[in-house]
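Just so you know, these numbers use all the heavy atoms, side chains as well, and skip hydrogens, waters and symmetry mates. The first residue in the sequence is number 1, and the count goes up from there.
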Amino acid sequence: MYNCHDDMIAYHDSKVTLPEAERTEMRDRRNTNRQRLKDGLKRDGEPAPIGCHSQGSYAMRTMVQHPAKDYDIDDGVYFRKEDLKGPRGADRSPADVKEMVRKALHDDKFTRPPEVRTNCVRVYYNVGYHVDIPVYRKVTEKNIFGQEETWYELASTEWKRSDPLGVTNWFNDENQRQSPDSNNGGQLRRVTRYQKAFAGSRESWRLRIASGFMITKLVTERYRPNAAREDQALYDTMVAIRDRLKWDLEIDHPTVPGEKLTKGPEDAQSRFLKDKLDWAIDELEVLFDPGCTRKQALKAWDKVFSTDFFINRLSVEDSKEKSASQGAGLGTAAAVGAAVGLTAAILSGRNSAEARAPDKPVDKRGGGRYA
């Protein structure tokens, strides 16, 4: 396979992984949002949360760049179940609790007000991204042996058992266990970012292809490490995921037993991902041609990621080589000119001390005759 290791690393660092400045901006807005929520709940006489925790791709550090900054930041808020009671002592419904959070977050400064969605309350920002706030309740009950057990439930269409913090811990453990390095987050994390960047490379794919969570789970299942070749690790993992989806389109939740991330054995998003991986693998077949040129290899990766980043690297390299060649050429011409002059002087019986200055000014039009 044609070696594009350095090119792939450069692409990751420049166009895939989220710049630290953007992460910092998101973190600041997240913290402001948390304080707004706490203040709003207190103002409305509602229960105080027991905690707020980032989750999803932001917490796992697998977010990838988007030209319109269409980022989804998940920041869960947690309450005790016993604090979420109605006037008559009954448990408050998921819809009621999400509306409580939406109301607390409301601010007239927002161009678009927060809204209740199926699994969260969403806060929109003018810069393009939004903060999703899933709402959880902490449940503590005694089992049949009299021992206390604790779990968390998400406010969805109903209260649904969930383990958001467990997902982050799961991914971090997998990344540490499987990655052959720890550079820039670890290779498994980087390959996850590449796969998510591929999935989001065309706007027309975004609503049809597997979600970031689904892709993350598939990468951990079928990751093929290669410490020396980033491009090979990515390609091999793409092939392994494609082959896995050929015989099973369903994807299990990594931490909730029995739960699926897909919608049945014929899941459309999984199938769409498989089809696009099939296409990409075909496009990359040129990399295995013994006569593959650097230009062909870079153009193939450009097509897969819908970019011109890779071929532009070749243009930069050509410019550097041309500049170096011109510099070397000028040096050679000067040396040849000096040698010819010295030879002529010797043949005419003059030594260097007797050679007179030129009769005319130096010609600066480009011949470099006396330069």
Side-chain angles (χ1 to χ4, degrees), residues 18-87 90-138 152-160 162 164-165 167-168 200 203 206-207 211-213:
L18 205 63
E20 194 56 40
E22 290 192 16
R23 283 190 62 86
T24 298
E25 180 183 359
M26 291 180 189
R27 183 169 59 249
D28 291 344
R29 290 182 183 273
R30 179 204 65 186
N31 291 342
T32 300
N33 210 56
R34 287 179 177 181
Q35 192 59 52
R36 181 186 296 112
L37 173 60
K38 292 174 183 177
D39 292 344
L41 290 169
K42 184 176 181 180
R43 175 200 65 214
D44 298 340
E46 299 288 7
I50 58 175
C52 295
H53 300 282
S54 294
Q55 59 191 61
S57 60
Y58 179 84
M60 292 187 286
R61 299 183 73 93
T62 60
M63 292 184 79
V64 298
Q65 295 183 38
H66 185 274
K69 294 189 177 183
D70 185 12
Y71 302 131
D72 174 6
I73 309 168
D74 292 329
D75 194 43
V77 59
Y78 295 75
F79 298 89
R80 293 184 183 86
K81 178 182 177 181
E82 53 267 31
D83 291 340
L84 299 176
K85 299 289 184 179
D91 291 336
R92 295 172 73 168
S93 71
D96 183 40
V97 174
K98 284 185 288 187
E99 175 58 24
M100 173 190 77
V101 169
R102 186 209 63 78
K103 184 179 177 183
L105 285 166
H106 181 74
D107 190 319
D108 291 334
K109 295 178 182 178
F110 286 126
T111 302
R112 183 176 179 179
E115 64 181 36
V116 173
R117 298 177 69 87
T118 302
N119 292 318
C120 66
V121 176
R122 178 166 291 179
V123 178
Y124 297 92
Y125 289 92
N126 291 336
V127 291
Y129 58 79
H130 54 267
V131 178
D132 282 344
I133 305 171
V135 184
Y136 300 91
R137 66 181 186 182
K138 181 180 180 181
Y152 296 92
E153 295 176 340
L154 169 69
S156 184
T157 51
E158 57 186 18
W159 287 109
K160 178 181 177 182
S162 184
L165 299 182
V167 170
T168 302
E203 196 63 31
R206 288 173 66 82
L207 297 179
S211 69
F213 192 10

- line: Heavy-atom nearest pair, Tyr136 first then Ser162, reads CE2-OG, 3.8 Å
task: Under the salt bridge (charged side-chain N to carboxylate O under 4.0 Å, His left out) rule, collect the residues that match up with Asp107, sequence neighbours excluded.
output: Arg36
task: Go through the steps for Met63 and Glu22 under the test side-chain contact (heavy atoms from CB on, under 4.5 Å), then give the verdict.
output: CA-CA 11 Å; Met63 292 184 79; Glu22 290 192 16; over 6 Å; no
- prompt: Considering only heavy atoms from C-beta outward, does the side chain of Ser156 approach that of Thr118 to under 4.5 Å?
  reply: yes
- prompt: How long is the span from the CZ atom in Phe213 to the OG1 atom in Thr62, to the nearest 0.5 Å?
  reply: 10.0 Å
- prompt: Are any of the side-chain heavy atoms of Pro134 and Gln55 separated by less than 4.5 Å?
  reply: yes
task: State whether the number of non-hydrogen atoms from other residues, nucleotides or ligands found under 6.0 Å of Lys42 atom NZ is greater than 12.
output: no
- prompt: Residues in salt bridge (charged side-chain N to carboxylate O under 4.0 Å, His left out) with Glu158, at least two apart?
  reply: none
task: Determine, step by step, whether Arg27 and Thr24 satisfy the side-chain contact (heavy atoms from CB on, under 4.5 Å) criterion, reporting the C-alpha distance in whole Å, the side-chain angles of both residues, the deciding distance to 0.1 Å, and the verdict.
output: CA-CA 5 Å; Arg27 183 169 59 249; Thr24 298; 3.4 Å; yes
message: I want to check something: taking the side chain as every heavy atom from C-beta on, are Thr168 and His53 in contact at a cut-off of under 4.5 Å?
response: no
Listing, residues 73-81 side-chain donor-acceptor contacts under 3.5 Å, not counting sequence neighbours, or none:
{"from": "Asp75", "atom 1": "OD1", "to": "Arg34", "atom 2": "NE", "distance (Å)": "3.3"}
{"from": "Asp75", "atom 1": "OD1", "to": "Arg34", "atom 2": "NH2", "distance (Å)": "2.6"}
{"from": "Asp75", "atom 1": "OD1", "to": "Ser54", "atom 2": "N", "distance (Å)": "3.2"}
{"from": "Asp75", "atom 1": "OD1", "to": "Ser54", "atom 2": "OG", "distance (Å)": "3.3"}
{"from": "Asp75", "atom 1": "OD2", "to": "Arg34", "atom 2": "NE", "distance (Å)": "2.8"}

- prompt: Do Asp39 and Gln35 have side chains that get closer than 4.5 Å, going by heavy atoms?
  reply: yes
- line: Value for CD (Glu153) from NZ (Lys138), rounded to nearest 0.5 Å, stands at 13.0 Å
- request: Evaluate side-chain contact (heavy atoms from CB on, under 4.5 Å) for Val97 paired with Trp159, printing each intermediate quantity in order.
  value: CA-CA 11 Å; Val97 174; Trp159 287 109; 3.9 Å; yes
field: Gap separating the CZ atom of Arg92 from the CZ atom of Arg137, nearest 0.5 angstrom
entry: 12.0 Å
message: Does this structure show an ion pair linking Glu20 with Arg61, if we count only N-O contacts that are shorter than 4.0 Å?
response: yes
- request: Could you tell me whether the side chain of His66 reaches within less than 4.5 Å of the side chain of Arg206, counting heavy atoms only?
  value: yes
Side chain proximity check, Gln65 to Pro19, heavy atoms < 4.5 angstrom: yes
- prompt: Any idea which heavy atoms bring Leu105 and Val123 closest together, and the distance?
  reply: CD1-CG2, 3.9 Å
- request: Give the minimum heavy-atom separation between Pro47 and Leu84, together with the two atoms involved.
  value: CG-CD2, 4.3 Å
query: Nearest 0.5 Å, what's the CD-CE distance between Glu46 and Met100?
result: 5.5 Å
- request: Please round to the nearest 0.5 Å and tell me the distance separating atom CD1 of Ile133 and atom NZ of Lys98.
  value: 13.0 Å
task: Could you tell me which non-hydrogen atom of Glu82 sits nearest to which non-hydrogen atom of Lys85, and how far apart they are?
output: O-CG, 3.3 Å
- prompt: Should the pair Arg23 and Tyr71 be classed as cation-pi, given the thresholds of under 6.0 Å to the six-membered ring centre and 45° from the axis?
  reply: no
- prompt: Looking just at side-chain N and O atoms, do Glu25 and Tyr125 make a donor-acceptor pair shorter than 3.5 Å?
  reply: no
message: To the nearest 0.5 Å, what is the distance between CG on Asp72 and OG on Ser211?
response: 10.5 Å
- prompt: Salt-bridged, Lys103 to Glu99, with N to O below 4.0 Å?
  reply: no
